[in-house]
Amino acid sequence: MAEYDSSDRDDTSDRDDSYDRRDRYDRYDRWDIKKLRILRALREYGTVTATAEALVLTPSAVSQQLTNLAKQLGVPLLEASGRRVRLTGAAELVLRHAEAVFEQLERADAELAAYVQGEVGEVRVGAFSTAVPALVVPAVRALGEAHPGITVQVREAEAAQAYELLGAGSVDLALSLAAQAPSAADPRFTRVPLLADPLDLALPRAHPLASAPAVRLADFAAEPWIFGGSGPWSEITRAACEAAGFSPHQGHSAAGWTAILAMVEAGMGVALVPRMASVRRDGVVMRELAADRPHRHVVAAVRRGAEDAPAVGHVLDALRDAAARLAPV
């Protein structure tokens, strides 16, 4: 009888197993996180050029990465729509699953930071101009005393731009206005209400109603109003006046508080000014509005899942405390 030699055995099954494992790993490799982020950004920004600008890439690099991703996944991701491109149904399906992956990666990153860093870390904050001195600076000061190992890097941005920076990963936390924020159902972000900032009425000191016992917005329906030609402040001013029963006549257009209050002081019109802006001029009287007092709502936001990172949580707590000292939500 021939002696059994292990080298004679059929090892086809072992080879098949190794091929199966390799095939499984190759399938996982198709899901390239970096390329999926680019695809998600294209859905958000609408064009290859805008996507490239947001992600600090060249348009050709964006196109090449998306072409490679389509080859890796084996499905078309983009289709022509005039001079633009739009996502295919397959691309929308891919992104629906990718959102869950992105959220879980944020949570994994948060947990890893908690394990490795503990009370040490850096949080990048994007905030609109009036929020910086009123909320961010007091929060940073308090944080320096309670958690000296956490540093905050501040980047001033327009209210809407703060969300673009957050979505692109350029900041970790965004301060914006609720009116400029994406829908609360947006799967990318977790929103945190901070405060309802009252709007006061700025009048020239010589105005007949500057010293009246009480004033209402409707008392100024015939006045020229001063606000920006577009953007959040234009929308907020128009909405407040329309809620009071009139459409404001825009006598002058300006975006900066220095320019707006200089024109009010000169008697050129009236304006709504957020309490949080803390801007004053000698020739301007700031009046609280009575029954129809309008507000603008300030919110913070993080990428969904990142709120579990200890450093981000400490910054959010400091911002809540600073907001509570200014006005209730």
Determine yes or no for a side-chain-to-main-chain donor-acceptor pair under 3.5 angstrom, with Arg296 supplying the side chain and Leu199 the backbone. no

side-chain contact (heavy atoms from CB on, under 4.5 Å) assessment of Gln65 paired with Val62: CA-CA 5 Å; Gln65 294 278 17; Val62 169; 6.0 Å; no

Just jot down the side chain to side chain donor-acceptor pair (under 3.5 Å) partners of Arg86, sequence neighbours excluded, or say none. Glu79

Could you tell me the separation between the CD atom of Glu223 and the CZ atom of Phe246, rounded to the nearest 0.5 Å? 9.5 Å

When hydrophobic residues are tied together by side-chain contacts of less than 4.5 Å, even through go-betweens, does Val285 share a cluster with Ile260? no

Are any of the side-chain nitrogens in Arg275 or Asp197 under 4.0 Å away from the carboxylate oxygens of its partner? no

Mind checking salt bridge (Lys or Arg N to Asp or Glu O under 4.0 Å) for Glu158 and listing every partner two or more places apart, or none if nothing turns up? none

Looking at Arg37 and Phe102, would you say the former's side chain and the latter's main chain have a donor-acceptor pair under 3.5 Å? no

Do the non-hydrogen side-chain atoms of Leu42 and Leu78 ever get within less than 4.5 Å of each other? yes

Could you tell me the separation between the OG atom of Ser81 and the CG atom of Leu87, rounded to the nearest 0.5 Å? 11.5 Å

Just so I know, are the side chains of Leu209 and Phe220 near enough to count as touching, which here means a heavy-atom distance under 4.5 Å? yes

With a 4.5 Å limit on heavy-atom distance, are the side chains of Met276 and Val298 in contact? yes

How far does CD1 of Ile226 sit from CD of Gln250, to the nearest 0.5 angstrom? 9.5 Å

Tabulate below the donor-acceptor pairs under 3.5 Å that side-chain atoms of residues 137-144 make, not counting sequence neighbours, or state none.
none

Any side-chain heavy atom of Leu93 sitting closer than 4.5 Å to one from His97? yes

Any chance CZ of Arg205 has more than 12 other-residue heavy atoms, nucleotides or ligands included, within less than 6.0 Å? yes

Gap separating the NZ atom of Lys35 from the CD atom of Gln64, nearest 0.5 angstrom: 9.0 Å

Heavy-atom side-chain contact between Asp32 and Asn68 under 4.5 Å: no

Glu92 meets the salt bridge (Lys or Arg N to Asp or Glu O under 4.0 Å) criterion, sequence neighbours left out, with Arg43

If the threshold is 4.0 Å, N to carboxylate O, is there a salt bridge linking Arg320 and Asp317? yes

Considering only heavy atoms from C-beta outward, does the side chain of Leu319 approach that of Leu175 to under 4.5 Å? yes

Please report the closest heavy-atom contact between Glu44 and Arg188, naming both atoms and the distance. OE1-NH1, 2.7 Å

Does this structure show an ion pair linking Arg40 with Glu99, if we count only N-O contacts that are shorter than 4.0 Å? yes

Rounding to 0.5 Å, atoms CG (Leu66) and CG (Leu36) come to a distance of 9.5 Å

Is there a donor in the side chain of Ser60 and an acceptor in the side chain of Thr58, or the other way round, less than 3.5 Å apart? yes

Only counting residues at least two apart or in another chain, list the ones meeting salt bridge (Lys or Arg N to Asp or Glu O under 4.0 Å) with Asp321. none

Tightest non-hydrogen contact, residues Val136 and Ala127, listed as CG2-CB, 3.9 Å

When you measure from the side chain of Thr47 to the backbone of Ala50, do you find a donor-acceptor pair of N or O atoms at a distance under 3.5 Å? yes

Looking only at non-hydrogen atoms, find the nearest pair between Leu217 and Ala244 and report the distance. CB-CB, 3.7 Å

I need the full list of ring-ring contact (aromatic ring centres under 6.0 Å, His included) pairs touching residues 121-156, with sequence neighbours left out, sorted by first then second residue. His147-His314

Here the salt bridge (Lys or Arg N to Asp or Glu O under 4.0 Å) pairs for residues 160-171, sequence neighbours left out, are none

Does the pair Leu105 and Ile33 meet the rule for a side-chain contact (heavy atoms from CB on, under 4.5 Å), with working shown? CA-CA 10 Å; Leu105 286 174; Ile33 297 299; 3.9 Å; yes

Does any pair with a residue in residues 46-60 pass salt bridge (Lys or Arg N to Asp or Glu O under 4.0 Å), and if so which ones, sequence neighbours excluded? none

By salt bridge (Lys or Arg N to Asp or Glu O under 4.0 Å) - contacts of Arg107 (at least two apart): Glu103, Asp308

Quick one: does any side-chain atom of Arg303 pair with a main-chain N or O of Leu166 as donor and acceptor, under 3.5 Å? yes

Indicate yes or no: at least one non-hydrogen side-chain atom of Val101 is less than 4.5 angstrom from one of Trp31. no

Main-chain N/O of Ser170 paired with Arg124 side-chain donor or acceptor, under 3.5 Å: yes

Residue pairs involving residues 236-249 (criterion side-chain hydrogen bond (donor to acceptor under 3.5 Å, both in side chains); sequence neighbours excluded): Ser234-Arg238

d(Leu55 CG, Ile38 CD1) to nearest 0.5 Å is 6.5 Å

Provide the full list of ring-ring contact (aromatic ring centres under 6.0 Å, His included) pairs with a residue in residues 33-57, sequence neighbours left out, each pair given once. none

Would you list the atom pairs, donor with acceptor, under 3.5 Å between side chains in residues 263-272 and any protein atom, with sequence neighbours excluded?
residue : atom : partner : partner atom : Å
Glu265  : OE1  : Arg281  : NE           : 2.8
Glu265  : OE1  : Arg281  : NH2          : 3.0
Glu265  : OE2  : Gly283  : N            : 2.9

Write down the atom of Leu195, the atom of Ala323, and the distance for their closest heavy-atom approach. CD2-CB, 3.6 Å

Check whether any side-chain heavy atom of Leu39 sits under 4.5 Å from a side-chain heavy atom of Leu95, and report yes or no. yes

